[in-house]
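As structure tokens, the structure follows; a few thoughts come after it.
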Amino acid sequence: MTNQQNPTSSTNTPAARAGRREWTALGVLMLPLLLVSMDVSVLYFAIPSISADLEPSGTQQLWIFDIYAFVLAGLLMTMGSLGDRIGSRKLLLFGAAAFGTASLVAAYANSAETLIAARAVLGIGGATLMPSTMALVRTMFTDAGQRAKAVGLWSGVMTGGVALGSVMSGVLVEYFWWGSVFLVNLPAMALLLVLGPILLPESRNPEPGRFDLLSVPLSMAAVLPVIFGLKELTAEGWHPEYVLSVTVGLFFAYLFVQRQRTAKSPLISPALFRGHGFTPAVVLNLISAFGMMGSAYFTTQYIQSVLGKSALEAALWALLPSVLIGVAAPVTTQLVQKGVNRAYVVTAGFVVAACGYGLLALAGTDSMWLVLVGAGVLASGIVTVMSQMMDLALGTVPVGNAGAASSLLETGTEFGGALGMAVLGSIGTAVYRNEVPSDAPAAAHETLGGALAVAQQLPGDAGQALTVAAREAFTSGMQGAAIAGAVLLLGAAALAAATLRKVRVREAETAECETSLV
């Protein structure tokens, strides 16, 4: 048996090609993945109804919205490593049961505390589902070309789910009660529990070593304070307590890394980073998430607050860029399979994404189509990069380490997204505050929403003047952030060209884990 610490070992045995069973199983896997990604944004339009029904405090309302993403991010690495040990299919089915049960509890919650607890369990379930689905993709599709197609579909579903979640939330709340946004999870999870044991193979590392319990709290202490601090920096500005939160998280991240380097059975094996191309894949994937979420912070507010669309109208318009997302990943996969060097494709993806930011930098206060096209171009470039980086990373690790590898990628995505919103959001906010009229009320200097609320209370021309000035200031802030985003992505293009040009993936040994179709 090949040593499990050598993720770049190769074999001369041709990889078995997946058949109808595996592609059907992939379709089953896409359902929970779609719902997990949708749950990130599914409360966008349900929160007002929840607030009216459950009457949560301001703090409770924040936790209702945020605790899902926090728990999800904090447990990804733990669950990915656990799946490699007990089996990705087993963990996936456990997560589906937890996710379905928590969805039912959340739908009929009669208090804010119950809903917060249910959302936390949903986060736990989501943390089991995300790395498990990617690990099983690695198990089922050992042929490099087929795996690339499967990963492209995985990336498209994951990205599109976030946009779809907000729209579905608006439609359901419009015609039903707020609990319906959780009940839609039940049929998909039930289908997974029925078909999963039949269609999905099991995948585990046969020699995983003892589970390192100390790494679990260290990983959470590293991830959660950083995510929380970055999120609050975006919303509230550079307050000392949020900077301290990020600093504390980085300190625990250092301790976590040291633990992984010295533990006999680390949660995330340092050997993964010796895989040719794995480290560039993680870094470039993180930068991609930075670019994606940094733009989303502005475009959603622009459509709703600058153009004056209703929340549901804004969500429906925001779906249009998803059309380009659905095309980007398959086209990218075809290019790579036809012999185009992956480095060129990824570099081009970053350049395309930078062009998307360039279009946003040209937007005025009445440029809906320009913003939508810019967002679509940016998203298609980012998905091009992310699909290739996921495929590259999975191709360099043994099947038995796919859960840990995918969880590391996804944790990097969470970090990158939070960092993008914090950095680009701060740039935009700084420009906005500088351009809002100095004699405007204090609330108008904080956010565009605050300015619009103040403008409604001002008489006649004064209110209209403040509205126009605030919208122009926000648009200027978006332009400044877009220029910064474009520069960053062009730098990432140069980095991709330099680091990926000589990467030739040697497929990791697939026989290093147990697989079964039982």
Side-chain angles (χ1 to χ4, degrees), residues 28-44 46 63-84 86 88-107 109 115-137 154-155 157-166 168-169 181-193 196 216 219-220 223-224 227-228 231 289 293 390 402-404 406-418:
V28 174
L29 283 179
M30 293 300 99
L31 287 174
L33 177 65
L34 179 65
L35 292 172
V36 169
S37 60
M38 285 170 58
D39 260 46
V40 173
S41 57
V42 78
L43 292 187
Y44 280 0
W63 279 113
I64 289 171
F65 195 88
D66 290 337
I67 195 168
Y68 174 80
F70 285 153
V71 173
L72 176 70
L75 288 177
L76 277 171
M77 286 189 287
T78 297
M79 293 304 180
S81 180
L82 184 62
D84 288 340
I86 69 172
S88 295
R89 183 180 66 181
K90 182 183 294 184
L91 185 65
L92 178 73
L93 296 177
F94 169 81
F99 202 87
T101 302
S103 297
L104 187 62
V105 173
L115 184 55
I116 291 170
R119 288 277 288 171
V121 178
L122 282 170
I124 296 173
T128 68
L129 292 169
M130 290 176 67
S132 295
T133 55
M134 188 181 286
L136 287 168
V137 167
W154 193 100
S155 303
V157 168
M158 185 67 194
T159 306
V162 177
L164 185 60
S166 60
M168 187 190 71
S169 170
V181 303
F182 297 107
L183 289 183
V184 294
N185 296 334
L186 298 182
M189 294 304 159
L191 185 66
L192 177 60
L193 288 171
V216 175
S219 68
M220 296 187 71
V223 173
L224 293 180
I227 297 291
F228 171 77
K231 181 180 176 62
M293 295 307 296
M390 289 178 183
S406 61
S407 69
L408 194 60
L409 278 170
E410 289 155 11
T411 302
T413 299
E414 297 291 333
F415 272 124

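The shown structure was predicted, so the numbers you read here are calculated from the model rather than taken from an experiment.
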Say you draw a straight line from [atom1] of [X] to [atom2] of [Y]; how long is it, rounded to the nearest 0.5 Å?
X	Y	atom1	atom2	result
Met189	Leu93	CE	CG	11.0 Å
Ser132	Met79	OG	CE	9.0 Å
Phe94	Leu193	CZ	CG	11.5 Å

Atom of Gly125, atom of Phe99 and distance for their closest heavy-atom approach: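 Minimum heavy-atom contact is C-CD1, 4.1 Å.
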Heavy-atom pair of closest approach, residues Leu192 and Ala96: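 Where Leu192 meets Ala96 most closely, the heavy atoms are CD2-CB, 3.6 Å.
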Run the side chain to side chain contact (heavy atoms under 4.5 Å, CB included) test against [X] and tell me which residues pass, sequence neighbours left out.
X	answer
Val71	Ile67, Leu75, Ala120, Ile124
Leu186	Ser103, Leu104, Leu183
Ala102	Val121, Leu122

Counterpart residues, side-chain hydrogen bond (donor to acceptor under 3.5 Å, both in side chains), relative to Ser219 (two or more places apart):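 In terms of side-chain hydrogen bond (donor to acceptor under 3.5 Å, both in side chains), with neighbours along the sequence ignored, Ser219 is linked to no residue.
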Check: Thr128 and Leu92 side chains under 4.5 Å, non-hydrogen atoms: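 A side-chain contact is absent here, since even the closest heavy-atom pair is not under 4.5 Å.
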